[in-house]
**Q** 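What follows is a single structure, and I will ask about it in a moment.
All values below were derived from every heavy atom in this structure, side-chain atoms included, with hydrogens, water molecules and symmetry-related copies excluded. Chain identifiers are assigned alphabetically (A, B, ...) following the order of the sequence lines, protein sequences preceding nucleic acid strands; residue numbering begins at 1 within each chain.
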2 protein chains.
Amino acid sequence: MADRKTRRPSCTIDVVLLTAVGSQLAVLLCRAPEGREKWIVPWDAQRPQETMEGSATRIAKAASVGEPAWLEQVGAFGDGKRHPAESEISVAYAGLVPMGTPSPVGGVYAWFTLSDVPQLAPRQRLILDGAVTMIRGRMDQSPVAFRLLQQMFTLTELQQMYELLLGKRLHKASFRRALQAAWLVEPTDEWRSEGRGRPAQLYRYAPRKRRPAQRGIRLDLLSS
Amino acid sequence: MADRKTRRPSCTIDVVLLTAVGSQLAVLLCRAPEGREKWIVPWDAQRPQETMEGSATRIAKAASVGEPAWLEQVGAFGDGKRHPAESEISVAYAGLVPMGTPSPVGGVYAWFTLSDVPQLAPRQRLILDGAVTMIRGRMDQSPVAFRLLQQMFTLTELQQMYELLLGKRLHKASFRRALQAAWLVEPTDEWRSEGRGRPAQLYRYAPRKRRPAQRGIRLDLLSS
DNA sequence: TCAATAGTGTCTGTTAGACATTATGGA
DNA sequence: TCCATAATGTCTAACAGACACTATTGA
């Protein structure tokens, strides 16, 4: 947001950084130095010689949560909805940050769980909702759940992440069977003991090429 | 593309109109009056007081194929890739036109099957690929197949459309069972006789609310 | 009549979900 | 020891895919 004092940009890049906090998704917001709302989704104008994804990466890094583990464009937003930059349109990106990443210091940035998000400019509210919808919808095409976890994780943590994203409980044995069939993870020889109970083996994300065989067409999900 | 003579726009709206021709997808291109490529994806600058989707609808109508039966944003494209308008970015939309819609006359617009698409400006090539990928990926969330068919269709036509979009053969009995379970279509009392063979009953798209029950998580599709 | 296509019934191998059981640590 | 959690084996109902069959038209 370094260009806020320069002329009004025609297009901004807005970055919705998401992580998991407890059993909820959380978004990184930035304290607004001016304007009607107190918090904003981080944004900036695109710089010369910079790709849009490059801008998004830079904005994410400036939020001092490091480079996001995953980044993808959500789309273009505008249509007269108000934005902190008063730009005509905004190109929104969604980024994932592994849970447990140290919170940014200084109080300029802060994580808000989705149920606690303060009022935002209308366009940024749409952008946030669009980013969350996209993340939830991309789960079965991209390793979204894995990008929200640390590099090593227990299968219970992975299942809880899927439950968080899907918004429903999953069956443990079925989940693990599906995981085995999909060749997505490999066990490490480390274990983690969490309070009482048997320690859990740690796994890492290691997708393998598979036969493209799969059963069925799923028309179920279609009626929306 | 009425604004081509005005100042270079910072942002264009590009519209990828798709239909089915035989057993292939086809895209509507416009003859280019100038520039390196002979054909372009229809585009124009956004007009004042117009939403982006409004612009896309207008551009589609100008291509004289009527209002598309379905329209959705693909995303923003730019990143220095060349575009007929030399604009910084383009917001791309994908639209579906029912197959059998009379071809636009005059020779300015023409349908090209995906395997016969001529050379396009690099950004427009990316836009086209992105639109096709999005359509194929949205099949199970939007009634994409139905928007490519006339309002009334036979189940064989519907199955062929799914096969076209999925790029693989489907099993007839299973397809119909899945269709019945999904409550997506309802029979009309009309029949259509096509050459020899028993006439087929015509159906229409009529989604019904269903129980949210469905089996399984499909991690299969995940390994990319 | 034959050929061609529409539409349906039945069987079978696979698998999601349920349940039970074992394994292994902490209190 | 008891309890809590991890991990796995077994059973069953549901379903995808295969096959066969009937139905109905045109040639």
**Q** Counting just side-chain N and O atoms, does A/Arg198 come under 4.0 Å of either OP1 or OP2 of C/dG26?
**A** no
**Q** Please give, in whole Å, the distance from C/dA16 P to A/Leu179 CG?
**A** 12 Å
**Q** What's the closest nucleotide to the side chain of B/Ser174 if the choices are C/dA16, C/dC19, D/dG17?
**A** D/dG17
**Q** For side-chain hydrogen bond (donor to acceptor under 3.5 Å, both in side chains), just list the numbers for B/Arg136 and B/Thr133, CA-CA rounded to whole Å, side-chain angles, deciding distance to a tenth of an Å, and then say yes or no.
**A** CA-CA 5 Å; B/Arg136 294 210 147 112; B/Thr133 301; over 6 Å; no
**Q** Would you say the side chain of A/His171 and the base of C/dA16 hold a donor-acceptor pair, judged only by whether the two atoms sit under 3.5 Å apart?
**A** no
**Q** Determine whether a donor-acceptor pair (N or O, by modelled atom type, separation under 3.5 Å) exists between the side chain of B/Glu190 and the backbone of B/Leu202.
**A** no
**Q** With respect to the side chain of A/Arg177, which nucleotide from C/dT10, C/dA16, D/dA7 is positioned closest?
**A** C/dA16
**Q** Would you find a donor on one side and an acceptor on the other, under 3.5 Å apart, between the side chain of A/Thr101 and the backbone of A/Pro98?
**A** yes
**Q** Rounded to whole angstroms, how far apart are NZ on B/Lys172 and P on D/dA20?
**A** 14 Å
**Q** Rounding to an integer number of Å, can you tell me how far A/Glu190 CD sits from D/dA6 C1'?
**A** 17 Å
**Q** Using whole Å, what does the distance between atom C1' of nucleotide D/dA6 and atom CH2 of A/Trp191 come to?
**A** 8 Å
**Q** Parallel, tilted or perpendicular: which fits the ring planes of A/Phe146 and A/Phe153, with parallel below 30° and perpendicular above 60°?
**A** tilted
**Q** Could you state the atom-to-atom distance from CD of A/Gln180 to P of C/dA16 in whole Å?
**A** 12 Å
**Q** Select one nucleotide: of D/dA27, C/dA6, C/dG25, the one nearest the side-chain heavy atoms of A/Arg196.
**A** C/dG25
**Q** Which of these nucleotides, C/dC19, D/dC19, D/dA6, is closest to any side-chain atom of A/Ala173?
**A** C/dC19
**Q** Within the 4.0 Å heavy-atom criterion, would you say B/Glu194 contacts the bases, only the backbone, or no part of the nucleic acid?
**A** nothing
**Q** Check the distance between C/dT5's C1' and B/Gln160's CD and give it to me in whole angstrom.
**A** 11 Å
**Q** Should A/Thr156 be listed as having a side-chain N or O under 4.0 Å from OP1 or OP2 of D/dA6?
**A** yes
**Q** Send over the distance from A/Arg169 CZ to C/dG17 P, rounded to a whole Å.
**A** 13 Å
**Q** Taking the minimum atom-to-atom distance to the side chain of B/Arg176, which one of D/dA7, C/dT8, D/dT24 wins?
**A** C/dT8
**Q** Give the intermediate values and the outcome of salt bridge (charged side-chain N to carboxylate O under 4.0 Å, His left out) for residues B/Arg31 and B/Glu37.
**A** CA-CA 9 Å; B/Arg31 210 178 285 273; B/Glu37 287 82 14; over 6 Å; no
**Q** Rounded to whole angstroms, how far apart are CZ on B/Phe175 and P on C/dG7?
**A** 12 Å
